[in-house]
Each structure stands twice: as structure tokens, then as C-alpha cells.
Novice: 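Mind having a look at this structure? Questions to follow.
As a basis for the values below, the full set of heavy atoms in this structure was taken, side chains included, without hydrogen atoms, waters or symmetry mates. All residue numbers in this chain count up from 1 along the given sequence.
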Amino acid sequence: MVDALGVAVVGFGWMGRVHTQAYTRVPHHYPRLGLRPELVTVAEEAPGRAEEAAAQFGFASTTRDWREVAADPRVQAVSITAPNFLHREIGVAMAEAGKHIWIEKPVGLSVADARAVADAVTGAGVRGAVGFNYRNAPAVETARSLIASGDIGTVTHVRVRLFSDYAAHPEGALSWRYERERGGSGVLGDLASHGADLARHLLGDITSLTADTAIFVPERARPTGVTAGHSRASGGELGPVENEDYVNCLLRFASGARGVLEACRVSVGEQNNYGFEVHGTKGAVFWDFRRMNELGVSRGGHYQDQPVSTVYVGPGDGEFGAFQPGAANAMGYDDLKVVEAYRFLRSIAEGTSHGATLTDAVHSAAVVDAMARSAESRTWVDVHPGECP
């Protein structure tokens, strides 16, 4: 028997659309899950956008006020895909209303915000999932298994990169993303939070770091209307970009491994150049998001001149088998969000967490917070996630 679960989406920009599509696809890829998400309502303050979402995807109702979602008895689970500065208020309110939450990273503007949402989820006894989608790639899960099994020996160092050009155009509108009060720490929260999660997911806790940051596009034009995604604006009044375009960081792990994490949102010529290289005493693993279903693997006993093989993921690697029947058939970005939705719903069905949780969000936010403190003080700083729920 399949039980219906009423779901809502709060914030219907691009990510709200991605979450909605993931909910609709889960029953097709995971027919034995035991829960069937039903689209109850969508909340979006931009005029007409919620109605467009309802017409396209079949939400039963719409609202411009997310508080109506918290009070709606039909809703049991909520996707929170609103801007970062609203994460804490909405996340805490939804959890306290007894709703399970799937919230996008970085979960607010600070480690205090992430911890507040995590505490609310724990206190309410609901399930919480976080949008660290890159860890869901089957190749990443295979890399994690190889590292944990000792196939590449003891890990010595890792390099994590997240380069993109989404903010490279000088006519990119001065949206909330570039304001400290509403967008937080810029590329630190946007991309480096993913890097921090990947690094910890693969190698364990990060204990200390030193970082440097920069703003390379110091002014942008203010938009004259509602913006979505990375809209452009020209001819408007110029305003200052308040948060970071770029960060580089040296990491120390509890295991003794060392790392480098670098992220930039204004890298001309780079489109979603995300990935990692993990080196150990006997081998290495390499992953590039742009070749998401491949993993470079070097292992053996040669040490010097040891070759690297390209491994194509297939059934048996992570959740690949739910999407494709044989190795080297491609999965894409949206598939990673379907995996995320599945793990969120499975957590609700089974009463135990699967996938990235609010605890993971707190750890990532603690790394981001440490990056900002280090860049300001120009020193090594310790990472303090505090008492995680």
C-alpha cells in the first residue's frame, strides 16, 4: 500500500522548480518507496509566479504568504527554496508546525542560523534534509567507498574546486545574492558550502583552516523589477557588491590529511567546473562534475608511474540503478535532486535519516564561518560546529 504525503514548496525560482520536478519523478524511479508525494500548495511572493507553477505542475492551491503553508493541515513536508536570509525563519517555523523540511543550503546566513533550524527539527521530532546534491552522484559515493576501504591507502591530501561564471558578467543585477544582510557570505555560502560538505563527506571532519577572499566585481546595477536566477540589469543605479566573489582555503582534517578548497563565482571561461582530487599513500581518485558519471582511479602497488583508469559508474554504484540499466549511461544534475527527494521521503517513511541532514549543514556552515573569520584576521582559525543535534 502506498501512502500519500502532502508536500509544499516555498519559493518558486529555479530551485523550487527543481524540487517540484523531483517530487513528481520519485514514484517513477522508486516505485516501492511506500510514500507518494502529492503537490498541495506552492508559496511565492512574486505576483503570478505561484499560479504559473500550479498550472504547470498541478499544485492544488497557491499562496503569496509562506505562513499559510505552516498552518495548512494538508501539508506534511515542505521544500524551502526561498532566498538564504529567509531560511532560518521559515525553517524553524515549519519544523515547529510539525512539518518535515527539505531545505536548500547553506541554511541561512551563518552557523547560528543553521544550528537554529537543526535544533528546531530535532526538538519537533521531524525529519530534515539539506540540498548538498553533489554528494549524491554515484561516482562520488564510489569514491567515498574506495577511500573508506583503504584502496588508495591513507589519505594525504585533497583539492576541491568550484569555479563558475554565473556572476562573471558585469551587468549581472545587484540582487539579494550580493548583499551581506540577505545573501550572507557570497560565494562562501553559495559554492564553498558545497565544497566543505564534499570534503567532509569524503575525508571526515575539518578541524582548522586559513582562507583568503576577494571581490572582483565591486559594483552592479540595481534591478528595476523582480529578479530570478542570475538576471542582468544595465543602466540602473550602481550599488556595491558587499560579499565575496572568490575564496581559497587551506584545510586540516581530524585524520591528519591536508586540503585545498577554492571557489569562485566570476571565473570567465568556467561553467560548473566542480570536482575533487583525493590522494593517498597508495593511489588517488579524481572526479569532475562535468563528467559526472566517470571516476578517475589510480591504485595498485606501483607508486611511481602508476596509471589512472577511467571507471564508468553503473548499477551497484550509489543510486545509479534507479535511473539507468547499464554502466556509462549518463545521469544528470536533476537526477541528483531526485535522489535527494527520495532520501528525504525515505527518512520520513522509516523514521531514520538518509542522505544529508541538518547536522551536515551545521558542519558546513561552521567551515564557511571559519573561512570568513580567517580571511578577516589573516590567520589560521579552528572550526567550531558546536554541539550538533
Side-chain angles (χ1 to χ4, degrees), residues 1-44 50 53-61 69 72 74-82 91 94-95 98-105 121 126-141 292-293 313-325 329-358 360-361:
M1 181 178 177
V2 178
D3 295 325
L5 184 81
V7 301
V9 176
V10 175
F12 206 81
W14 169 66
M15 189 53 69
R17 181 179 297 273
V18 172
H19 276 230
T20 302
Q21 290 171 168
Y23 282 129
T24 63
R25 290 179 58 194
V26 164
H28 302 288
H29 295 281
Y30 299 97
R32 289 182 288 277
L33 173 60
L35 280 181
R36 184 183 70 255
E38 292 189 351
L39 302 178
V40 172
T41 190
V42 55
E44 170 56 59
Q56 182 175 3
F57 293 102
F59 286 97
S61 60
V69 176
D72 193 333
R74 301 172 299 165
V75 176
Q76 298 158 280
V78 181
S79 278
I80 301 171
T81 55
M94 293 300 174
K99 319 293 188 188
H100 306 285
I101 64 170
W102 175 15
I103 186 169
E104 273 306 313
K105 58 83 209 168
V121 165
V126 297
R127 293 292 152 190
V130 181
F132 290 127
N133 40 266
Y134 299 110
R135 62 156 62 191
N136 298 327
V140 173
E141 299 199 58
M292 192 179 86
N293 305 288
V313 293
D317 295 312
E319 296 294 330
F320 185 92
F323 297 85
Q324 299 294 347
N329 285 292
M331 287 177 63
Y333 176 90
D334 284 8
D335 296 329
L336 301 185
K337 296 310 253 189
V338 176
V339 173
E340 207 165 272
Y342 160 67
R343 288 176 172 167
F344 173 48
L345 297 171
R346 183 182 173 193
S347 298
I348 296 170
E350 298 181 1
T352 187
S353 295
H354 298 276
T357 67
L358 270 299
D360 297 309

Novice: Is the distance between the ring centroids of F323 and H29 less than 6.0 Å?
Specialist: yes

Novice: Checking K99 side chain against V7 main chain: does a donor-acceptor pair fall under 3.5 Å?
Specialist: no

Novice: Going through the distances and angles, do R17 and Q56 end up as a side-chain contact (heavy atoms from CB on, under 4.5 Å)?
Specialist: CA-CA 10 Å; R17 181 179 297 273; Q56 182 175 3; 2.8 Å; yes

Novice: Are the side chains of Y342 and H354 in contact, using a 4.5 Å heavy-atom criterion?
Specialist: no

Novice: Looking only at heavy atoms, which two atoms of V121 and G128 are closest? And how far apart?
Specialist: CG1-N, 3.9 Å

Novice: Search all heavy atoms of V40 against all heavy atoms of G6 and return the closest pair with its distance.
Specialist: CG2-CA, 3.5 Å

Novice: Using every non-hydrogen atom in the two residues, find where D360 and G355 come nearest and quote the distance to one decimal.
Specialist: OD2-O, 4.1 Å

Novice: Run the side-chain hydrogen bond (donor to acceptor under 3.5 Å, both in side chains) test against N136 and tell me which residues pass, sequence neighbours left out.
Specialist: E340, R343

Novice: When you compare the side chains of S61 and T41, does any donor N or O come within less than 3.5 Å of an acceptor on the partner?
Specialist: yes

Novice: Heavy-atom distance under 4.5 Å between the side chains of M331 and V313, does that happen here?
Specialist: no

Novice: Counting C-beta onward and ignoring hydrogens, is there a side-chain heavy-atom pair between T357 and V130 closer than 4.5 Å?
Specialist: no

Novice: Using 0.5 Å steps for rounding, measure from the NZ atom of K337 to the OH atom of Y333.
Specialist: 4.5 Å

Novice: Quick one: pull up CZ in F12 and CZ in F59 and give me the separation to the nearest 0.5 Å.
Specialist: 5.5 Å

Novice: How close do I101 and F344 get, counting heavy atoms only, and between which atoms?
Specialist: O-CE1, 3.4 Å

Novice: Please give me the minimum heavy-atom distance between V26 and A341, naming the atom from each residue.
Specialist: CG2-CB, 3.7 Å

Novice: Donor-acceptor pair, distance only, cut-off 3.5 Å: does the side chain of N293 make one with the backbone of A330?
Specialist: no

Novice: In the structure I gave you, are the side-chain heavy atoms of R135 and E141 within less than 4.5 Å of one another anywhere?
Specialist: no

Novice: Mind checking the CG-CG spacing from L345 to D3? Nearest 0.5 Å is all I need.
Specialist: 12.0 Å

Novice: Are side-chain heavy atoms of V339 and Y30 found at a separation under 4.5 Å?
Specialist: yes

Novice: Would you call the rings of W102 and Y23 parallel, tilted or perpendicular, taking 30° and 60° as the class edges?
Specialist: perpendicular

Novice: Calculate, to the nearest 0.5 Å, the distance between atoms OG1 and CD belonging to T81 and E104 respectively.
Specialist: 7.5 Å

Novice: Do any N or O atoms from the side chain of S79 and from the backbone of H19 form a donor-acceptor pair under 3.5 angstrom?
Specialist: no

Novice: Tell me every residue that passes side-chain hydrogen bond (donor to acceptor under 3.5 Å, both in side chains) with E38, counting only those two or more places apart in sequence or in another chain.
Specialist: R36

Novice: Thinking salt bridges, do R127 and E350 make one under a 4.0 Å N-O criterion?
Specialist: no

Novice: Strictly by salt bridge (charged side-chain N to carboxylate O under 4.0 Å, His left out), give each pair with a member in residues 21-30 just once, sequence neighbours left out.
Specialist: R25-D335

Novice: Any chance you could measure L336, atom CG, to Y134, atom OH, to the nearest 0.5 Å?
Specialist: 8.0 Å

Novice: Without swapping roles, check the side chain of S353 against the backbone of S347 for a donor-acceptor pair under 3.5 Å.
Specialist: no

Novice: Specify the closest pair of heavy atoms between L358 and A129, including all atoms of both residues, with the distance to one decimal.
Specialist: CD2-N, 4.1 Å

